[in-house]
Peer 1: 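The following block contains the structure, expressed as structure tokens.
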Amino acid sequence: MNRFILPAFAAIIGIGIATAPAVRAGELWRATGLEQPESALFDAANNRIIVSNISGNPGEADGNGYLSLLSLDGKTVTQHWTDGMDAPKGMAIAGGRLYVADITKIRVVDLASGRLIASIAVPNAVFLNDMTSDQTGKVYVSDMLADTIYRIDGDKPELFARDALLASPNGVFADGDRLIVASWGKGIKADFSTAEPGGLLAIDLATRKITPLPGAQNFADLDGVVAIGDAIYATAYMTGTLYRYKAGGTPEAVAHFKPGSADIGTDGKSILYVPLMGEGEVAALKLD
């Protein structure tokens, strides 16, 4: 684990945020009272939103992390739905189970009860971050500090992609026969800025070929990503910017928050769920 980057990352979450302007255009609601919410996942089968709370240093195995449940109108249903985690981040649903990235492990939660039923160690993992599941039920997780993406089939992790082109992969989203990747950028420094900002990539799920998306390179240190229809939405954690990208165009800033916008979720139709780590909130946005 990088001893300089992770404490700096924790400091970014809590310092200098209050002075940044926030724009709330298009917001439906904000859920408050969360503790460093890193990911917000729409659970369609149960009509709810699952939120991962880091509640501490993002890279420290301190046992403080937990999951919360929100209703679709932003009310807290259960603050501590699943305890016993360290610094939970991205999540994915497959086969009636919830998979949660937790530093170097994947936590497996029973989706019906919220009970933590297993922990899958990922050999050589450094800083597991976002997760997604494809149409066949396979789960993918990014390792941001190792230029790596793993695939989990049931309870077996395997190397899916490792390449410098991934440039600190953070957000991942399975979109049909491809995996969309939002990269933080190359040369991460102690303050979590980069020598070269990140961009959007696609990985063919069958061939594993990595393709940078045209017009969407080197524009921001990206965190979360989702696709809705022909548009890709991605957050830039350091600036709090929400971007929209369509093939043939360039990324367009469509909303601004305080720094700390992380792994976004969606209902797959017209709503985005944006975790705001520094504010302890999740914002729901209605898309145009």
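This chain uses plain numbering: 1 for the first residue, then up along the sequence.
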Peer 1: If hydrophobic clusters are built from ILVMFWY residues whose side chains come within less than 4.5 Å, do Val172 and Leu165 share one?
Peer 2: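 Yes; tracing contacts between hydrophobic side chains, which count when under 4.5 Å, links both residues.
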Peer 1: For residues Leu41 and Leu98, determine if any side-chain heavy atom of one lies less than 4.5 Å from a side-chain heavy atom of the other.
Peer 2: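 Leu41 reaches Leu98 side chain to side chain.
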Peer 1: Count the heavy atoms of every other residue, nucleotide or ligand shown that sit under 6.0 Å from CD of Gln135, and state whether that count exceeds 12.
Peer 2: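 No, not enclosed.
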Peer 1: I need the minimum non-hydrogen distance between Ala255 and Leu285, along with the two atoms involved.
Peer 2: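 Minimum heavy-atom separation between Ala255 and Leu285: CB-CD1, 4.3 Å.
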Peer 1: Test your reading of the model: is there a side-chain donor-acceptor pair from Gln79 to the backbone of Gly33, 3.5 Å cut-off?
Peer 2: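 Yes, Gln79 side chain to Gly33 backbone: donor-acceptor pair under 3.5 Å.
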Peer 1: Can you find a heavy atom in the side chain of Leu128 that is under 4.5 Å from one in the side chain of Lys105?
Peer 2: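 Of all side-chain heavy-atom pairs linking Lys105 with Leu128, none is under 4.5 Å.
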Peer 1: If you take all heavy atoms of Ile49 and Ser71, which pair is closest and at what distance?
Peer 2: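 Smallest heavy-atom distance, with atoms named: CD1-O, 3.8 Å.
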Peer 1: Mind checking whether Thr32 and Glu279 have side chains closer than 4.5 Å, heavy atoms only?
Peer 2: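 Contact flag for Thr32/Glu279 side chains = no.
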Peer 1: Nearest 0.5 Å, please: how far is CG in Asp110 from CD1 in Ile117?
Peer 2: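 Going from the CD1 atom of Ile117 to the CG atom of Asp110 covers 5.5 Å.
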Peer 1: So which atom in Ile271 and which in Asp267 form the shortest heavy-atom distance, rounded to 0.1 Å?
Peer 2: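 Nearest heavy atoms, Ile271 then Asp267: N-OD1, 3.0 Å.
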Peer 1: Under 3.5 Å, is there a donor-acceptor pair linking the side chains of Ser68 and Asn53?
Peer 2: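 Checked: Ser68/Asn53 side chains pair up, N/O donor to acceptor below 3.5 Å.
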Peer 1: Report the C-alpha distance between Phe173 and Ile232 in whole Å, list the side-chain angles of each, state the deciding distance to 0.1 Å, and finish with yes or no for side chain to side chain contact (heavy atoms under 4.5 Å, CB included).
Peer 2: CA-CA 10 Å; Phe173 187 82; Ile232 295 173; over 6 Å; no
Peer 1: Does the side chain to side chain contact (heavy atoms under 4.5 Å, CB included) test come out yes or no for Ile50 and Leu111, once each step is laid out?
Peer 2: CA-CA 10 Å; Ile50 306 171; Leu111 198 56; 4.0 Å; yes
Peer 1: Report yes if some heavy atom in the side chain of Glu38 is under 4.5 Å from a heavy atom in the side chain of Ser52; otherwise report no.
Peer 2: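 They are in contact (side-chain heavy atoms under 4.5 Å apart), so the answer is yes.
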Peer 1: When you measure from the side chain of Ser55 to the backbone N and O of Gly65, does any donor-acceptor pair fall under 3.5 Å?
Peer 2: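 The answer is no, because no donor-acceptor pair under 3.5 Å joins these two groups.
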Peer 1: Report the distance from atom CG of Asn170 to atom CG of Asp221, rounding to the nearest 0.5 Å.
Peer 2: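 The CG atom of Asn170 sits 10.0 Å away from the CG atom of Asp221.
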Peer 1: Which heavy-atom pair separates Glu60 from Ala87 by the least distance, and what is that distance?
Peer 2: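 Here Glu60 and Ala87 meet closest at O-CB, 4.4 Å.
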Peer 1: If you define the side chain from C-beta out and look only at heavy atoms, does anything of Ile120 sit under 4.5 Å from Tyr150?
Peer 2: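 The answer is no, as the side chains (C-beta and beyond) never meet within the 4.5 Å cut-off.
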Peer 1: Please answer: with hydrophobic residues joined when any side-chain heavy atoms are less than 4.5 Å apart, are Ile106 and Ile149 in the same cluster?
Peer 2: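 They do not share one cluster, since no chain of ILVMFWY contacts under 4.5 Å joins Ile106 to Ile149.
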Peer 1: Grab the two heavy atoms, one from Ser261 and one from Ala236, that are nearest each other, plus how far apart they are.
Peer 2: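 Closest approach of Ser261 to Ala236: OG-O, 3.5 Å.
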Peer 1: Starting at CD of Glu196, measure out to CD of Gln217 and round the result to the nearest 0.5 Å.
Peer 2: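 Here the interatomic distance stands at 9.0 Å.
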Peer 1: Classify the ring geometry of Tyr273 against Phe42: parallel below 30°, tilted from 30° to 60°, perpendicular beyond 60°.
Peer 2: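 Parallel: the ring planes of Tyr273 and Phe42 meet at under 30°.
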Peer 1: Hey, could you give me the CG/OG distance between Asn129 and Ser142, rounded to the nearest 0.5 Å?
Peer 2: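 If I round to the nearest 0.5 Å, the distance is 4.5 Å.
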Peer 1: I'd like to know if the side chain of Ser183 reaches the main chain of Gly199, judged simply by a donor and an acceptor atom lying under 3.5 Å from each other, with no hydrogens or angles considered.
Peer 2: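 Present.
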Peer 1: Would you confirm whether Tyr140, through its side chain, and Asp130, through its main-chain N or O, come within 3.5 Å as a donor-acceptor pair?
Peer 2: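 The answer is no, because no donor-acceptor pair under 3.5 Å joins these two groups.
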Peer 1: Is there side-chain contact between Phe160 and Ile203, with at least one heavy-atom pair below 4.5 Å?
Peer 2: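 Yes. Closest side-chain heavy atoms under 4.5 Å.
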Peer 1: Just how far is it from atom CZ of Arg97 to atom OG of Ser133, taken to the nearest 0.5 Å?
Peer 2: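 Going from the CZ atom of Arg97 to the OG atom of Ser133 covers 14.0 Å.
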Peer 1: Checking Trp184 side chain against Phe192 main chain: does a donor-acceptor pair fall under 3.5 Å?
Peer 2: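 Present.
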Peer 1: Examine Ile264 and Leu70 and state if one hydrophobic cluster contains both, with Ile, Leu, Val, Met, Phe, Trp and Tyr joined whenever side-chain heavy atoms are less than 4.5 Å apart.
Peer 2: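 As far as the 4.5 Å side-chain criterion goes, Leu70 and Ile264 are not connected within one cluster.
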Peer 1: Just by modelled atom types, is the Arg48 backbone N or O under 3.5 Å from a matching donor or acceptor in the Asn46 side chain?
Peer 2: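 No; zero donor-acceptor contacts below 3.5 Å.
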Peer 1: Determine yes or no for a side-chain-to-main-chain donor-acceptor pair under 3.5 angstrom, with Glu281 supplying the side chain and Met277 the backbone.
Peer 2: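 Judged by distance alone, no pair lies under 3.5 Å.
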Peer 1: For Ser270 and Lys286, test the side chains for any donor-to-acceptor distance below 3.5 angstrom and give the result as yes or no.
Peer 2: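 Checked: Ser270/Lys286 side chains pair up, N/O donor to acceptor below 3.5 Å.
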Peer 1: Would you mind telling me which of Thr78, Val109, Asp83, Val51 makes a side-chain contact (heavy atoms from CB on, under 4.5 Å) with Leu67?
Peer 2: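 With Leu67 as partner, Thr78, Val109, Asp83, Val51 yield a single side-chain contact (heavy atoms from CB on, under 4.5 Å), made by Val109.
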Peer 1: Rounded to the nearest 0.5 Å, what's the gap from CG on Leu69 to CG on Asp43? Could you check?
Peer 2: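 If I round to the nearest 0.5 Å, the distance is 8.5 Å.
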Peer 1: Spell out, as yes or no, whether a donor-acceptor pair under 3.5 Å connects the side chain of Thr82 to the backbone of Gly114.
Peer 2: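 At least one qualifying donor-acceptor pair exists.
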Peer 1: Does the side chain of Tyr233 come within less than 4.5 Å of Leu242's, by heavy atoms?
Peer 2: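 Leu242 reaches Tyr233 side chain to side chain.
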Peer 1: Between Ala94 and Tyr99, which heavy-atom pair has the shortest distance, and what is it?
Peer 2: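 Smallest heavy-atom distance, with atoms named: O-CE1, 3.7 Å.
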Peer 1: Linking I/L/V/M/F/W/Y whenever any side-chain heavy atoms sit under 4.5 Å apart, do Leu34 and Leu28 land together?
Peer 2: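 Linked, Leu34 and Leu28 end up in one cluster.
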Peer 1: Taking the side chain as everything from C-beta on, heavy atoms only, tell me whether Leu272 gets closer than 4.5 Å to Ile228.
Peer 2: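 Of all side-chain heavy-atom pairs linking Ile228 with Leu272, at least one is under 4.5 Å.
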Peer 1: For a salt bridge (Lys or Arg N to Asp or Glu O under 4.0 Å) check, start with the C-alpha distance between Asp86 and Arg107, then their side-chain angles and the critical distance, and finish with the verdict.
Peer 2: CA-CA 10 Å; Asp86 293 314; Arg107 307 290 191 178; 3.1 Å; yes
Peer 1: Counting only N and O atoms by type, is there a donor-acceptor contact under 3.5 Å from the side chain of Trp29 to the main-chain atoms of Leu72?
Peer 2: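 Yes; at least one donor-acceptor contact below 3.5 Å.
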Peer 1: Tell me whether Asp288 at atom CG has more than 12 heavy atoms from other residues, nucleotides or ligands lying less than 6.0 Å away.
Peer 2: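 No, not enclosed.
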Peer 1: State yes or no: are the ring centers of Phe219 and Tyr243 separated by less than 6.0 Å?
Peer 2: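 Yes, close enough.
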Peer 1: What about Val225 and Leu166, same hydrophobic cluster or not, with Ile/Leu/Val/Met/Phe/Trp/Tyr joined at side-chain heavy-atom distances under 4.5 Å?
Peer 2: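 Result: no, two separate clusters.
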Peer 1: If only atom types and distance count, is the side chain of Thr266 paired as donor or acceptor with the main-chain N or O of Gly268 below 3.5 Å?
Peer 2: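 Yes, Thr266 side chain to Gly268 backbone: donor-acceptor pair under 3.5 Å.
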Peer 1: Walk me through whether Met91 and Met131 qualify under side chain to side chain contact (heavy atoms under 4.5 Å, CB included).
Peer 2: CA-CA 5 Å; Met91 299 175 286; Met131 301 194 75; 5.6 Å; no
Peer 1: The test is side chain to side chain contact (heavy atoms under 4.5 Å, CB included); show your working for Arg178 and Asp204 and say whether it passes.
Peer 2: CA-CA 5 Å; Arg178 66 177 182 169; Asp204 187 287; 5.8 Å; no
